[in-house]
There are 2 protein chains.
Amino acid sequence: MNLKQLSIQLGLSQTTVSRALNNYPEVNEHTRQRVKLAASKHNYRPNARATRLATGRAMTIGHVIPMNSSEVFNPIFGEFIAGASQAYSRRGYELLLNMAKEDAEESIYREIASKGSVDGIIVHAPRVNDSRITLLQELGLPFVIHGRDSSNSSEYSWIDMNNRQAFYQATKLLIDLGHTKICLINGDEKLNFAVRRKKGYLDALEDEKISANADLMYSGDLTEANGYTAATHALKHRNAPTAFLVASYVGALGVRRAIHNAGLEMGSDISVIIHDDELAYFHNDGDIAQFTATRSSVKDAGERAAMMLLDIIDDPGKAPLNELLKAPLTLGASTGPVKK
Amino acid sequence: MNLKQLSIQLGLSQTTVSRALNNYPEVNEHTRQRVKLAASKHNYRPNARATRLATGRAMTIGHVIPMNSSEVFNPIFGEFIAGASQAYSRRGYELLLNMAKEDAEESIYREIASKGSVDGIIVHAPRVNDSRITLLQELGLPFVIHGRDSSNSSEYSWIDMNNRQAFYQATKLLIDLGHTKICLINGDEKLNFAVRRKKGYLDALEDEKISANADLMYSGDLTEANGYTAATHALKHRNAPTAFLVASYVGALGVRRAIHNAGLEMGSDISVIIHDDELAYFHNDGDIAQFTATRSSVKDAGERAAMMLLDIIDDPGKAPLNELLKAPLTLGASTGPVKK
DNA sequence: AATCAATTTTAAAACGCTTTGGATCCCAAT
DNA sequence: ATTGGGATCCAAAGCGTTTTAAAATTGATT
């Protein structure tokens with residue numbers, strides 16, 4: 001059943017039927033009811049392909065998530081997208097998922113911009129000196145970045161958490177507890193968020209006149225296995241750390257395993273602070289949270305990013321918009337004073 | 001730049017330009033080259049909204065993933081989708097992600113079917129007696145299910161792993177190692193896969209004349225926290241298990257934590273077998289895998305499911321197609337003979 | 001030079017909506 | 001009776017492609 005058939009059925013023009021369904025004012029209330037009734041009776045729904053051509057809007061947002069060589073799908077993306085999806089469904093949008101291999105990235109973005117299957121995109125995992133930002137500005141496609149690129153001083157819309165501040169505060173707490181050998185297990189430092197976190201860590205050490213030690217800093221995809229390997233390696237160091245600062249819950253699970261394997265007890269022998277994205281499958285709470293953590297819900301970030309983008313699409317004059325989320329440090333069972 | 005402008009530029013009709021770009025045979029090779037050159041020079045790409053209306057194909061596949069009340073995004077979905085996405089990009093398709101709250105499910109599927117923004121869908125997480133299958137058959141939208149519904153005897157396309165067989169074999173190994181008190185930490189038994197796994201577990205117990213004990217069976221979302229809670233609870237039982245059979249890696253991380261907290265050693269004091277979906281962020285390998293596991297790559301399943309659906313869309317006569325993936329049992333460090 | 005077939009190109013219809021620019025109807029005001 | 005103006009409805013254009021049906025061109029054959 002399409003609009004034409006429905007309008008014939010009703011003895012009305014397509015115009016009137018279309019207007020009735022779209023709640024335009026210039027149609028008699030009685031006819032509107034009649035039309036709506038018939039539409040739902042015949043299970044009519046406007047063909048999205050036609051609507052999109054006619055209106056020039058795709059009513060779809062693209063999420064482009066970079067796939068590096070190891071082709072890893074980070075659970076954080078899933079959670080962010082679940083949040084965004086809530087905002088979209090509230091406002092009648094759909095979500096197009098695009099996994100871009102890094103080597104073909106530029107052409108993928110160009111294609112997205114010119115073929116018109118989305119009205120805007122959300123960019124994930126910005127890198128340091130990320131060429132995508134300039135590209136997107138040039139292409140004129142509305143976009144919001146989850147994160148920032150500190151090396152790019154131009155104006156663009158983003159939502160981010162206060163990475164530097166969070167890791168500064170976490171490091172400071174560990175130092176206050178007497179730790180001086182603090183091992184940083186960080187995300188991939190090609191990515192901007194990881195750089196900001198590292199800066200927070202280093203700034204805190206410097207403020208407290210503790211010299212940083214390159215042997216106590218790891219960077220890489222935050223998988224369980226990588227967390228384990230890094231922590232195991234660190235614990236074997238002649239000058240082993242008494243505390244870990246870990247950039248994700250998942251990575252921390254590996255760290256926890258390494259600590260146990262070394263015969264140590266988390267919270268007493270060794271302190272751990274993590275950043276907790278509040279993933280649904282990895283809840284860090286209970287009476288006392290397992291891990292002391294800086295917290296910021298990535299699902300919430302997804303929802304807010306989506307709303308921001310939709311606002312920009314509705315009123316492009318609004319851009320650029322920015323939002324900085326807090327990541328408060330909350331105490332759990334994994335920290336304690338350094339053991340003498 | 002649109003087709004009309006481009007064709008004027010070239011002094012050709014839209015027809016010819018369109019045909020040249022789409023590699024139709026009835027256009028002179030010289031003109032084709034000329035057209036393609038001009039197209040790429042002007043960065044022309046056909047407007048997807050128009051193409052979709054004209055061809056009647058959305059060139060898009062929908063993935064509908066159910067969101068239950070707790071609104072949890074299972075990392076397994078992400079991995080499956082990453083696999084599917086590879087197949088789509090090879091064949092020029094896009095991926096539309098749809099998170100359906102369970103209460104509105106029927107209307108969501110109806111809407112998807114009638115509005116035409118996808119050519120087919122992949123259905124995730126089939127339940128026992130899942131009403132979606134009949135609904136989709138009725139709606140006539142091509143679909144493939146990741147999993148099956150054993151209670152539905154009609155014909156439909158699916159891809160699944162051999163859940164019963166995998167858990168039968170795993171249970172059998174534990175029994176062969178002397179374990180009789182084996183605790184099952186299963187997925188949500190509203191879901192079909194969990195029911196099949198339980199059946200495998202129960203069948204093996206029965207075949208070996210070991211009586212099942214309801215106190216040693218848990219079912220729920222396989223989060224780290226739930227795995228921990230279930231295992232902790234089981235270990236406190238007066239008749240505590242000597243082995244765990246856990247339906248996911250993530251759940252097993254919680255089980256591992258519970259075992260450590262109880263002061264026990266995995267692999268010697270307590271055996272654990274998991275099902276390993278081979279998630280990128282949770283690699284279970286190395287010289288000796290951490291966990292003894294039944295293995296089946298869910299990313300691979302995603303890719304195969306996608307290919308299957310595209311094949312069906314190209315040739316609807318092919319359906320229904322079915323594919324049963326093996327999940328071989330591979331030995332890791334988490335199993336050993338029962339301690340007397 | 002005429003004929004025919006194959007090759008190459010084109011004009012126009014179609015896809016199913018929205019939206020523009022009128023048309024028609026009805027009623028109150030002149 | 002005429003006019004004016006809302007309220008209500010409609011025919012047709014437009015969105016940017018693909019595809020159908022037909023026209024024009026070419027080249028070989030007689």
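Proteins come first, then strands; the chains are lettered A, B, ... in the order of their sequence lines, and each starts at number 1. It should be emphasised that the depicted structure is a prediction, and the values quoted were computed from it without experimental measurement.
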Any Asn47(A) side-chain N or O less than 4.0 Å from OP1/OP2 of dC15(C): no
Donor + acceptor pair across side chains of Asn129(A), Lys190(A) (<3.5 Å): no
Heavy atoms from other residues, nucleotides or ligands near CZ of Arg127(A) exceed 12 (cutoff 6.0 Å): yes
Protein-nucleotide distance (Gln14(B), atom CD; dA14(C), atom P), rounded to Å: 16 Å
Passing candidate, side-chain contact (heavy atoms from CB on, under 4.5 Å) with Tyr156(A), options Thr134(A), Ile145(A), Leu136(A), Val144(A): Ile145(A)
Between CG on residue Leu139(B) and OH on residue Tyr109(B), distance to nearest 0.5 Å: 10.5 Å
Euclidean distance, Asn47(A) CG relative to Lys115(B) NZ, rounded to 0.5 Å: 10.5 Å
Geometric class of the Tyr88(A)/Tyr93(A) ring pair [parallel <30°, tilted 30-60°, perpendicular >60°]: tilted
Between C1' of dG16(C) and CE of Met59(A), the distance in whole Å: 17 Å
Asp119(B) and Thr60(B) side chains, donor-acceptor separation under 3.5 Å: no
All salt bridge (charged side-chain N to carboxylate O under 4.0 Å, His left out) counterparts of Arg90(A), not counting sequence neighbours: Glu303(A)
Separation of dT19(C) P from Leu21(A) CG (nearest whole Å): 13 Å
Degree of bending, the helix from dA1(C)-dT30(D) to dT30(C)-dA1(D) (end axes from five pairs; round to 10°): 70°
Atom pairs, protein N/O to nucleotides 6-9 of chain C N/O, distance under 3.5 Å:
from   : atom 1 : to       : atom 2 : distance (Å)
dT8(C) : OP1    : Asn28(B) : ND2    : 3.3
dT9(C) : OP2    : Asn28(B) : N      : 3.2
dT9(C) : OP2    : Thr31(B) : OG1    : 3.3

Ring pair (Phe, Tyr, Trp, His ring centres under 6.0 Å) against Phe143(B), all qualifying residues, sequence neighbours excluded: none
Heavy-atom side-chain contact between Glu106(A) and Glu111(A) under 4.5 Å: no
CZ/Arg148(B): more than 12 non-hydrogen atoms of other groups inside 6.0 Å: yes
Donor-acceptor pair between Thr15(A) and Ser18(A) side chains, under 3.5 angstrom: no
Residues within residues 49-58 of chain B bordering DNA chain C, heavy-atom distance below 4.0 Å: Leu53(B), Ala54(B)
His124(B) and His63(B) aromatic ring geometry - parallel, tilted or perpendicular at 30°/60° bounds: tilted
Nucleotide interval of DNA chain D bounded by contacts with chain A (heavy-atom cut-off, under 4.0 Å): dT8(D) to dG16(D)
